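Below: the structure, in structure tokens.
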Amino acid sequence: MSIAGTQQHDVLIIGSGAAGISMALTLADSARVALVAKEALTESATLYAQGGISAVLDETDSLESHTADTLNAGAGLCDEAVVRHVVEQGPKSIQWLIDRGVSFTREQNKKDSADYHLTKEGGHSHRRVIHAADATGREMELTLAQQAREHPNIELFERHIAIDLITGGKLGWRDNRCHGAYLLDRDNDKVIAFSARAVVLATGGAGKAYLYTSNPDIASGDGIAMAWRAGCRIANMEFIQFHPTCLFHPQAKSFLVTEALRGEGAKLSLPDGSRFMEQFDERAELAPRDIVARAIDHTMKRSGVEYVHLDISHQPATFIREHFPTIYQRCLEYGYDITRQPIPVVPAAHYICGGIMSDIHGRSDLEGLYAVGEAAYTGMHGANRMASNSLLECLVFAESASRHILEQLKLPGSPQPLPEWDESRVTNSDEEVVVTHNWHELRRFMWDYVGIVRTDKRLQRAKNRVDLLQHEISDYYSNFRVTSDLIELRNLTLVADLIIRSAILRKESRGLHYTLDYPDRSQEKRPQTTILIPNNYIRARAT
Ligand SMILES: Cc1cc2nc3c(=O)[nH]c(=O)nc-3n(C[C@H](O)[C@H](O)[C@H](O)COP(=O)(O)OP(=O)(O)OC[C@H]3O[C@@H](n4cnc5c(N)ncnc54)[C@H](O)[C@@H]3O)c2cc1C
């Protein structure tokens, strides 16, 4: 395998979803940016976001109300200052997208009107979710990607997967800041050292740690794992959001059915037609998604059914086709006409509230390293993310982190020349079967033992298994050549370990973490964020 030189830029952005791509565009007029995606540029969770983006855009709504709803969903663990910051910046972020040409759905029959159609989702007390029909993420990602491709200051590196961050400490230098990252060029099978004055982790979530997930394959928690190995603190990993309604069909691969459907009146029932949500929450189908997911999980287990039904067929067919064209079309492909019949649905891992600890400027613990989007823990979501608040968080933090980086770039300095990747110790291996087997095992036990309902015993079982897997993978990793499958498995196993350790530490049920051993919320006046500290953290902080 060839060893291939280095690349130097002002800013290295790893990840090209909502967070990474909007940062690239914000920075590129003043800085040389490398924008990296491990698959094609647009392949990301962002591309599949359906519902929309929440922001206060209507005079009947208020910043106070959006803040209160977010804090309420977060179950006492949000950082209120962060929530206020994000909510206040919301309208500006939406305007930024509109100025960039992102086309949101307007009020019906008012094509020339300035009024955008706002929808309502679980946990929101107002209609405040702006959307592009039911394919908001797609409209946004494709529009921004086109501009990134055309920008002369943005160099794109598609199908390049980051392996690890390069810190001064690791190189034996006096400083311990982040200087860049090693990336595997997947098509040419070579590792390149990327050097930059600022490095951004915008790598998204980690849904692939679970057997059933709404996330695309790229969601393997790479950024979280890289940051941990580099000495950064990771917070609140136990709070995994399970989306209540993914299409249940062997070929659908967890196709998500947006909760905007429930916002527009869709009802849940058992296959025999009996409704159940009122038994769990007075808001019924409009309760926050953790309550709905748990209610479905409980109902499925109690009645032994494989799925429940979701039905919006009482709405006029034209309304359904116009507001939910993607879902209508996809369900039709699988044999369900949602204008006339209910569809079978199950819950699936959807969003991780925890991640790399970062401040209001997106700064992580390591100098020169920023974390934005789903990979970051900012304090916005607390113990539970409110629907459509995550794209908003991506956009607002992309802007604040960009501003901070531009200030830093005004100071004297340049990207450091970095040593090339050392491959001397490793050999080729064709044992892909080991990787596939370990991956499947991990996702299965995470689903069974660290899923919607947890217990101490199940978590301990999961911990024993993840320890074994980590041991095996570390042995494998140090002896064989890196491949993207091995990189992802190594990261997912580490992220699974962080999720399990965090879940074991939380001796209460709160927000998205529900355990039968401690079914109530602890009465502590100031509930704690779960913070995991790596062994090399002190060194990372010392500089
Ligand atoms: C089906 C679905 C529907 C959703 N609907 C909504 C919604 O309506 N509203 C809302 O607010 N939120 C929604 N969410 C959540 C939201 O889409 C995500 O939280 C958000 O898009 C995350 O954006 P991101 O930029 O952080 O990461 P992503 O969009 O996931 O992008 C991650 C990027 O990182 C790259 N990457 C990852 N690892 C590496 C590596 N090692 N090397 C190089 N590149 C790497 C990937 O290639 C990709 O480019 C939805 C999520 C899903 C899955």
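Counting convention: from 1, in listed order, for ligands and their atoms alike. What you are looking at is a predicted structure, and each value in this text was computed from that prediction instead of being measured.
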- Could you tell me the residue and atom name of the protein heavy atom closest to atom 11 (O) of ligand 1, and the distance to it rounded to 0.1 Å? Leu391 N, 2.9 Å
- Note on the structure: closest protein heavy atom to atom 27 (O) of ligand 1 is Gly204 CA, 3.3 Å
- Using a strict cut-off of 4.0 Å, indicate which atoms of ligand 1 neighbour a heavy atom of Asp222. 38 (N), 39 (C), 40 (C), 41 (N)
- Query: Are any of the N/O atoms in Ala18 less than 3.5 Å from those in ligand 1?
  - Reply: yes
- Salt bridge flag under 4.0 Å for residues Glu39 and Arg186: yes
- Message: Under the criterion salt bridge (Lys or Arg N to Asp or Glu O under 4.0 Å), I'd like the reasoning laid out for Asp61 against Arg127: C-alpha separation, chi angles, the key distance, then a yes or no.
- Response: CA-CA 8 Å; Asp61 195 1; Arg127 283 187 171 262; over 6 Å; no
- Query: Which atoms of ligand 1 are found less than 4.0 Å from any heavy atom of Ile14?
  - Reply: 42 (N), 43 (C), 44 (N)
- Min over Glu141, Gln50, His243, Arg385 of heavy-atom distance to atom 13 (C) of ligand 1 lands on Arg385
- Item | Per-atom contacts of ligand 1 with Gly373, taking only distances under 4.0 Å to non-hydrogen atoms | 26 (O)
- Quick note on ligand 1: atoms under 4.0 Å from a heavy atom of Ser16 include exactly 33 (C), 48 (C), 49 (O)
- Query: Thinking salt bridges, do Arg149 and Glu158 make one under a 4.0 Å N-O criterion?
  - Reply: yes
- Message: Do the side chains of Lys208 and Asp222 get close enough for a salt bridge, i.e. N-O under 4.0 angstrom?
- Response: no
- With a distance cut-off below 6.0 Å to the six-membered ring centre and an angular limit of 45° from the axis, does Arg321 pair with Tyr328 as a cation-pi contact? yes
- For atom 25 (O) of ligand 1, the option (of Ala135, Ser390, Ala19, Gly52) bearing the nearest heavy atom: Ala19
- By number and element, which atoms of ligand 1 are closer than 4.0 Å to a non-hydrogen atom of Gly51? 8 (O)
- Task: Could you find the nearest protein heavy atom to atom 26 (O) of ligand 1 and give me its residue, atom name and distance?
- Result: Glu374 N, 2.9 Å
- Item | Residue, atom name and distance, where the atom is the protein heavy atom closest to atom 44 (N) of ligand 1 | Lys38 N, 3.3 Å
- Message: Looking only at protein heavy atoms, which one is nearest to atom 5 (N) of ligand 1, and what is the separation?
- Response: Ala49 CA, 3.3 Å
- Note on the structure: For Glu43, the atoms of ligand 1 under 4.0 Å from one of its heavy atoms are 47 (O), 48 (C), 49 (O)
- Whether Phe319 and His323 hold their rings parallel, tilted or perpendicular, with breakpoints at 30° and 60°: parallel
- Lys/Arg-Asp/Glu bridge criterion (N-O < 4.0 Å) met for Asp164, Arg229: yes
- Message: Check this for me: does any side-chain nitrogen of one of Glu121 and Arg262 sit under 4.0 Å from a carboxylate oxygen of the other?
- Response: no
- Query: Could you go step by step and tell me if Asp187 and Arg159 meet the salt bridge (Lys or Arg N to Asp or Glu O under 4.0 Å) rule?
  - Reply: CA-CA 7 Å; Asp187 294 329; Arg159 291 185 52 80; 2.9 Å; yes
- What protein heavy atom is closest to atom 1 (C) of ligand 1, reported as residue, atom name and distance in Å? Tyr48 O, 3.6 Å
- Query: Between Tyr351 and His381, does the ring centre distance come in under 6.0 Å?
  - Reply: yes
- Task: Starting from atom 2 (C) of ligand 1, find the nearest protein heavy-atom neighbour and note its residue, name and distance.
- Result: His350 CE1, 3.5 Å
- Query: Relative to the heavy atoms of Tyr351, which atoms of ligand 1 are at a distance of less than 4.0 Å?
  - Reply: 19 (O)
- Message: Could you tell me, atom by atom, which parts of ligand 1 come under 4.0 Å of a heavy atom of Ser388?
- Response: 9 (N), 10 (C), 11 (O)
- Message: Treating Glu285 as the side-chain partner and Leu268 as the backbone partner, does any N or O pair qualify as donor plus acceptor under 3.5 Å?
- Response: yes
- Message: How far is atom 37 (C) of ligand 1 from the closest protein heavy atom, and which atom is that?
- Response: Thr203 O, 3.3 Å
- Task: Consider every N or O of Thr46 and every N or O of ligand 1, then say whether any pair is closer than 3.5 Å.
- Result: yes
